[in-house]
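Everything below concerns the one structure shown next.
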Amino acid sequence: MAEAADFQGMSPSPARRWLRRTGALLAGAPLLAGLLQLPAAAPASAASGSSTVSVDINTLTPSVPTDGDTVTVSGTVTNDSKQTVTDAQVDLRVGPELSTRSDVDSVAQRADFQPGLDGTIVGGKYVKKFAKLTPGVAQSFSIAVPVDELDLGSDGVYQLGVSLTGQTSAQQWQQVLGIQRTYLPWQPEGADTQTKTTVLWPLISTAHMTAETGSNAEQTPVFLNDDLAKEISPGGRLEQMLSLGKALDVTWVIDPDLLASVDAMTGAYRVESGTGTVAGTHQAVAKQWLADLQDAVTDKEVVALPFADPDLASLAHNGTTVSGSLSHLKDATDVAATTVQTVLHVTPDTDFAWPVNGAVDPSIVKVATSAGADKVIARSDSLEETAGLPYTPSAARPIGGGTTAVVADARLSTAFQGDLTSASASTLAVQKFLASSLALNQQVDKERSIVVAPQRTPTASQAQAMAAAVAALQGGEWTQTQTLASAAAAKPDASATTKVPPASAYPAKLRKQELSKPSFEQIAAVQDKLDKFKVILTDQSRVVTPFGRAMNREMSTSWRGRAAEAQSYRDGVRNYLDSLTNQVKLIDKSEVKLSGRSATIPVTVQNNLVQGVDHLVLRLTSTSPTRLKIGDDDYEEQRVTVNGGHSQTVKFTTSAQANGQAKVVAQLFTEDGQAYGDPVRFDVKVTEFTATVMLVIGGGFLLLVLAGFRMYKQRKRAAQREAEEAGSDGPEEAGEPADGPENPEGPEDRLTEESGTRPGADDPEQPSDPTPDTAAESTDPSGTGERVDR
């Protein structure tokens, strides 16, 4: 078999290793002669059976060995066939040096055993034998070998394989039945030039708090669920990120919304449950997590993202045409530093913007810097090199307009994606990360600054793999740690690309996950309603602050791939605002009956909020001013102030112009003339007499008065005449006959004769006598309508 030194890139072995290899070769000459006599089909079948047994490397320690170390490789072998494997043996194989990062990538792409490429067997006592492997049964192995026995050459990355040889009843000769490859970085002494490496350690979660708060003075917050408590509890994702990260020299990248949410959990809080809420019970966990984080970030670099980590790409592609969207980004940026300082008592760097996956185009850069950031964290698979450089340039790139793109290395940044729950997958990810980093350092004898920007929300298993890799990297001899600010300020490579890719180059997969334009339109509609609502409040902060933060959360990057959940959250914010604005409203009115010439109409404003409302104007409008006037015109306005939990009745003066039914509209307005709430419409039935009717009634009353005066005179004259007749002596004494001529008839006498009666003191009442006054109000039933004050 070929020696490691025969492969390209390997330097000659020390003399003692050469002698050992020569002796092994001479000793193996008879064996080699015997192998040459085997049938030609046997070597061919050796490669074909390499998928019979699964080989998993669960641990490799140390990840980066040095002189004098013992490398221990452990794992399992599982017979995936239906035949028993006999005479099985697990071997370590040292493969060729991998001189480039492309070579590192190619190793992971190979599946079957390939003689030559998969190196030489270490052999000797550094093997693990199995008499047989039963189908479907996993067998564990562990091989410890001094690093000197691996015959490693010059500094670099070596392929390390674990293979299983054996035979089956169908193929009764020794052959490789399974193999797993990994990487062994070899840098026993300090490199002449070390790469300055920045590792971002993200503390980011999804949206957990709603816009709803309690009606008490403390405004008890309401959470969507208790998922955040699970994340920060022992063993949870965020608890793992914190406990692992505090032992590393990393740059903490924190979403202030996460801090605000955990801080809210340290006191009284409630959690949505069914149609109501229940009391939260994880105050102690929240306090402990925050205390540990405060210790972890002391004297460390902290970068604060805008509040709730807004999706910059979605905003750039779908939100900029919606009025007010960019103002939310500005608000999220402004509140970020204050939140971090309040909770963690450190001053964060807010100059960095981080588009999802570091994918950029001109519109994303423009939006990212619109709120004040002058550095954009991109990634090398987006801002690709176009000058054909044979090495990876430093991260900092001036991209115009005073903006610096900090380009993270794509290979290192994506090394821990996917399912890393198995020990085998995690170990392979760690070793590949270290191998890629060492290969990068060996590209050129030139000092460079490299940035590692992993996924935003690593799982617990991914975080564990990341931490293991970063710890090994920082303990290695080819890198030194550096802050993100220093990486951004480093001298750019003159040959590195600085041209931002066009919008057409933005990954289609990422574009499909973006928030849509209707999403931003819904956010804008809520903001417009909030603006109208807040002007009437005596304590705006109780509403503006929680809703402002909720709208920041509506734009969060965490909604990518979760369109249904994002819509549900936006609906919840909108519905809660509707419920609040509806607490200030007009009470419905039924039909009003107006039976006087003038009257007042009461309209009631109800405030069910816990705080008072002011700066409201109530307008009452008559749609039929020719029949009913409000005040001196067709409408009247009055300012309204109502304390929390109270109502106020406002009275409007009206005047009737004609009988009939008039429609009236009551509407609340803000002081700047914006309609508030729904109008209340009701009918006013006018029964007031008109001027003509009053003249007729007045004329009739005058006639009655005159008639009564005339009858009074007639009765008075009749009474006087009777008195004269009763006082005389008769016709004999008067000297006139008893039947003398009568006095001529006057007009009063003729009127009484025509009526067929003679006036007298005891005569019955005459038809022309005055009658009782008619009531001023209508005697019709009032019905169901309201009767107003006159």
How about [X] and [Y]: does a side-chain donor come under 3.5 Å of a side-chain acceptor?
X    : Y    : result
Q513 : R562 : no
Q482 : S449 : yes
T59  : T61  : no
D309 : S556 : no
D105 : Q109 : no
S163 : R93  : yes
T197 : T195 : no
Q431 : S63  : yes
T481 : D249 : yes
T497 : E384 : no
W478 : S437 : yes
T479 : Q194 : no
S205 : H208 : yes

At their closest point, which heavy atom of [X] faces which heavy atom of [Y], and how far apart are they?
X    : Y    : result
R237 : P458 : CD-O, 2.8 Å
R560 : L510 : NH1-O, 2.7 Å
A395 : V451 : CB-CG2, 3.8 Å

So, are [X] and [Y] salt-bridged, with charged N and O less than 4.0 Å apart?
X    : Y    : result
R110 : D118 : yes
D409 : R101 : yes
R549 : E554 : no
D334 : K330 : yes
K246 : D292 : no

Where does the angle between the aromatic ring planes of F433 and F416 fall among parallel (under 30°), tilted (30 to 60°) and perpendicular (over 60°)? tilted

Do the side chain of [X] and the main chain of [Y] share a donor and acceptor less than 3.5 angstrom apart?
X    : Y    : result
Y126 : L92  : no
Q442 : D155 : yes
S558 : T206 : no
S413 : A410 : no
T342 : T338 : yes
Q283 : G267 : yes
Y506 : A313 : no
D349 : D351 : yes
Q462 : G418 : yes
N357 : A359 : no

- Message: Taking the six-membered ring of W559 as reference, does the cationic atom of R553 (NZ for Lys, CZ for Arg) lie under 6.0 Å from its centre and within 45° of its axis?
- Response: no

- Task: Identify whether NZ of Lys or CZ of Arg in K375 sits under 6.0 Å from the centre of the six-membered ring of F352 and within 45° of that ring's axis.
- Result: yes

### Task
Go through the steps to decide whether M555 and S314 satisfy the test side-chain contact (heavy atoms from CB on, under 4.5 Å), and finish with yes or no.
CA-CA 8 Å; M555 298 169 57; S314 294; over 6 Å; no

Atom pair [atom1] ([X]) and [atom2] ([Y]), whose distance is rounded to the nearest 0.5 Å:
X    : Y    : atom1 : atom2 : value
Y183 : L160 : OH    : CG    : 11.5 Å
I450 : N441 : CD1   : CG    : 9.5 Å
H317 : E514 : NE2   : CD    : 5.5 Å
T459 : D419 : OG1   : CG    : 8.0 Å

Is [Y] close to [X] at the side-chain level, that is, under 4.5 Å between some pair of heavy atoms?
X    : Y    : value
V94  : D151 : no
W201 : L242 : no
I57  : L428 : no
P390 : Q443 : no
P310 : L315 : no
S436 : L412 : yes
V157 : L184 : no
L484 : L200 : yes

>> Would T66 and D69 count as a side-chain contact (heavy atoms from CB on, under 4.5 Å) here? Give the steps.
In response: CA-CA 6 Å; T66 189; D69 285 341; 3.2 Å; yes

With a 6.0 Å cut-off (strictly less than), is the heavy-atom count around CG of D295, excluding the residue itself, greater than 12? yes

Is the NZ atom of K230 crowded by more than 12 outside heavy atoms at less than 6.0 Å? no

- Task: Please assess V71 against L60 for the test side-chain contact (heavy atoms from CB on, under 4.5 Å), listing each intermediate value before the final yes or no.
- Result: CA-CA 7 Å; V71 176; L60 192 161; 4.2 Å; yes

> Under the side-chain contact (heavy atoms from CB on, under 4.5 Å) criterion, do Q474 and L248 qualify, and how do the steps go?
Replying inline: CA-CA 8 Å; Q474 294 178 352; L248 305 172; 4.3 Å; yes

The side-chain hydrogen bond (donor to acceptor under 3.5 Å, both in side chains) partners of Q464 (sequence neighbours excluded) come to Q240

Checklist line | Chi angles and distances behind the salt bridge (Lys or Arg N to Asp or Glu O under 4.0 Å) call for R397, E385 | finding: CA-CA 11 Å; R397 317 285 174 82; E385 295 305 315; 2.7 Å; yes

